[in-house]
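Comments concern the structure below.
Only a predicted model underlies this, so the values are computations on that prediction, with no experimental measurement involved.
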Number of protein chains: 2
Amino acid sequence: DIELINVTKVYQLGKREVKALRSISSTIRSGNFMSIMGPSGSGKTTLLNIIGALDSPTSGYVRVGGKDISDLSDRSRSKLRLSSFGFIFQGFYLLQNLTAMENVMVPMREAGISRWDAMKRGKELLYDVGLRNRFGHLPSQLSGGEQQRVSIARSMANDPSVILADEPTGELDSESSQNIINIMRGLNRNGGKTIIVVTHDNEIAKRASIRLRLKDGRISN
Amino acid sequence: DIELINVTKVYQLGKREVKALRSISSTIRSGNFMSIMGPSGSGKTTLLNIIGALDSPTSGYVRVGGKDISDLSDRSRSKLRLSSFGFIFQGFYLLQNLTAMENVMVPMREAGISRWDAMKRGKELLYDVGLRNRFGHLPSQLSGGEQQRVSIARSMANDPSVILADEPTGELDSESSQNIINIMRGLNRNGGKTIIVVTHDNEIAKRASIRLRLKDGRISN
Ligand SMILES: Nc1ncnc2c1ncn2[C@@H]1O[C@H](COP(=O)(O)OP(=O)(O)OP(=O)(O)O)[C@@H](O)[C@H]1O
Ligand SMILES: Nc1ncnc2c1ncn2[C@@H]1O[C@H](COP(=O)(O)OP(=O)(O)OP(=O)(O)O)[C@@H](O)[C@H]1O
Ligand SMILES: [Mg+2]
Ligand SMILES: [Mg+2]
């Protein structure tokens with residue numbers, strides 16, 4: 001379970017303050033499929049990064065499995081993310097000098113998995129997202145949607161219990177999108193994984209059991 | 001008018017060949033509103049870059065206003081793009097060390113417009129895409145959809161006669177998307193501009209008078 005209690009995030013820009021999140025409280029139970037929608041700039045990415053322990057709130061608390069994660073050291077938070085959280089970033093953030101296959105293998109090698117096993121699993125994941133002829137391509141040699149799919153494959157590499165996806169189908173056509181949606185539903189229904197998706201795509205949002213809407217940094221539904 | 005005659009694009013990756021475009025022929029008349037759809041990896045971005053003189057075909061011809069652009073020097077192609085083409089890139093490609101306002105001003109300053117006039121027009125453009133409180137933010141201080149909107153504003157800076165947009169609403173919610181679609185329709189119907197949009201969004205594609213579909217590097221409709 002992931003609990004957010006009065007989570008606020010304020011950015012300081014010179015004299016101005018940007019209130020990206022204003023006292024957000026919510027509980028995401030293990031195995032939930034949650035969608036987060038809302039206008040551009042309403043705080044969705046900021047919220048997802050805080051849920052996923054990539055960022056900390058300006059005030060308020062985040063508890064993962066009952067434990068307050070702001071009490072954890074940077075090193076423990078890093079370990080938590082590597083073992084339990086799989087991220088799909090809005091900007092992909094693939095390593096530009098590594099191939100599609102090498103990018104997918106990175107989290108596995110970091111978790112101590114052998115090169116052989118990492119490569120075997122990487123193959124399956126890239127097959128699943130429709131990239132079987134693109135293993136050796138660098139990100140600069142891939143289309144926008146292909147880069148997004150490498151990013152999706154990478155997020156599932158360590159079979160994490162929580163998947164945090166920021167607009168995972170933004171660059172995909174409807175057929176590729178349906179494939180990704182089906183993969184996520186499978187991970188949720190069969191794998192019991194918690195899925196938290198920020199999306200503008202109603203095709204994904206309608207599959208969610210919990211639908212959150214943000215507006216100006218607050219929950220609006 | 002932009003004419004493509006038997007345009008082919010082949011990438012060499014070691015021993016393998018990737019045929020991104022296979023003998024594409026099409027004419028885009030001045031004032032057309034054309035959409036290009038198709039699966040991820042089907043060649044849409046490659047096609048748009050060749051239409052916009054950012055890339056050259058492996059074989060085949062591109063004529064702009066009757067002139068074969070492969071005959072032009074790099075410098076003349078650069079001048080053509082700056083004066084006549086406005087680009088919205090799939091990856092945005094904003095300059096990370098310049099603010100939203102400065103990014104929008106870049107093409108105007110390159111075209112010799114004064115700082116004063118560039119700033120005045122930059123303000124209007126950023127207002128139009130809903131970013132009036134974000135002028136001074138760096139790209140890293142903007143949401144995904146805000147960065148996309150800066151990229152859209154920048155493409156219109158020099159009031160180009162041709163706008164080439166690669167997935168311009170990929171990161172936007174439906175309301176922000178509708179605003180962008182209305183801006184493009186206005187530029188086309190009132191401003192007489194040629195609009196070529198690569199999109200997965202049917203909301204945009206249905207406004208186009210010409211709808212192209214790509215599949216495996218060929219026109220499939
Ligand atoms: N430099 C390159 N070297 C090798 N292959 C490349 C290179 N650039 C692109 N490709 C391949 O060419 C194909 C077409 O790429 P393109 O970017 O035009 O696709 P797209 O239709 O825009 O896809 P998307 O909808 O995912 O953005 C892709 O399969 C891609 O892997
Ligand atoms: N480092 C920063 N400094 C100042 N303001 C910031 C910073 N990062 C983000 N913001 C602002 O915080 C707000 C929320 O950003 P966030 O990325 O969470 O939005 P979002 O809902 O994900 O939007 P989108 O749908 O466009 O991706 C935005 O208005 C943005 O301009
Ligand atoms: Mg976002
Ligand atoms: Mg593309």
Check whether [X] gets within reach of chain B through its side chain, its backbone, both or neither, counting any heavy atom under 4.5 Å.
X: A:Thr45; answer: neither
X: A:Glu175; answer: neither
X: A:Leu13; answer: side chain
X: A:Gln141; answer: side chain

**OP:** Please state whether the side chain, the backbone, both or neither of B:Ser176 comes within less than 4.5 Å of a heavy atom of chain A.
**Re:**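 Side chain only.
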
Subject >> B:Ser40 portion near chain A, given a 4.5 angstrom heavy-atom threshold >> reply: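 Looking at B:Ser40, backbone and side chain both touch chain A.
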
Subject >> Short side-chain donor-acceptor distance under 3.5 Å, B:Asn32 and B:Thr194 >> reply: no

Original post:
Does the distance from a Lys or Arg side-chain N to an Asp or Glu carboxylate O, for A:Asp159 and A:Lys193, drop under 4.0 Å?
Top reply: yes

Subject >> Side-chain heavy atoms of A:Arg134 within contact of B:Val18, under 4.5 Å >> reply: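 A:Arg134 reaches B:Val18 side chain to side chain.
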
Original post:
Under 4.5 Å between any side-chain heavy atoms of A:Arg154 and A:Leu94, yes or no?
Top reply: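 Yes, at least one pair of side-chain atoms sits under 4.5 Å.
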
Subject >> Main-chain N/O of B:Arg213 paired with B:Asn221 side-chain donor or acceptor, under 3.5 Å >> reply: yes

**OP:** Report the C-alpha distance between B:Ile51 and B:Ile28 in whole Å, list the side-chain angles of each, state the deciding distance to 0.1 Å, and finish with yes or no for side chain to side chain contact (heavy atoms under 4.5 Å, CB included).
**Re:** CA-CA 10 Å; B:Ile51 292 170; B:Ile28 304 151; 3.9 Å; yes

Subject >> Largest heavy-atom contact set with chain A, pairs under 4.5 Å, which of B:Met37, B:Arg16, B:Lys44 >> reply: B:Arg16

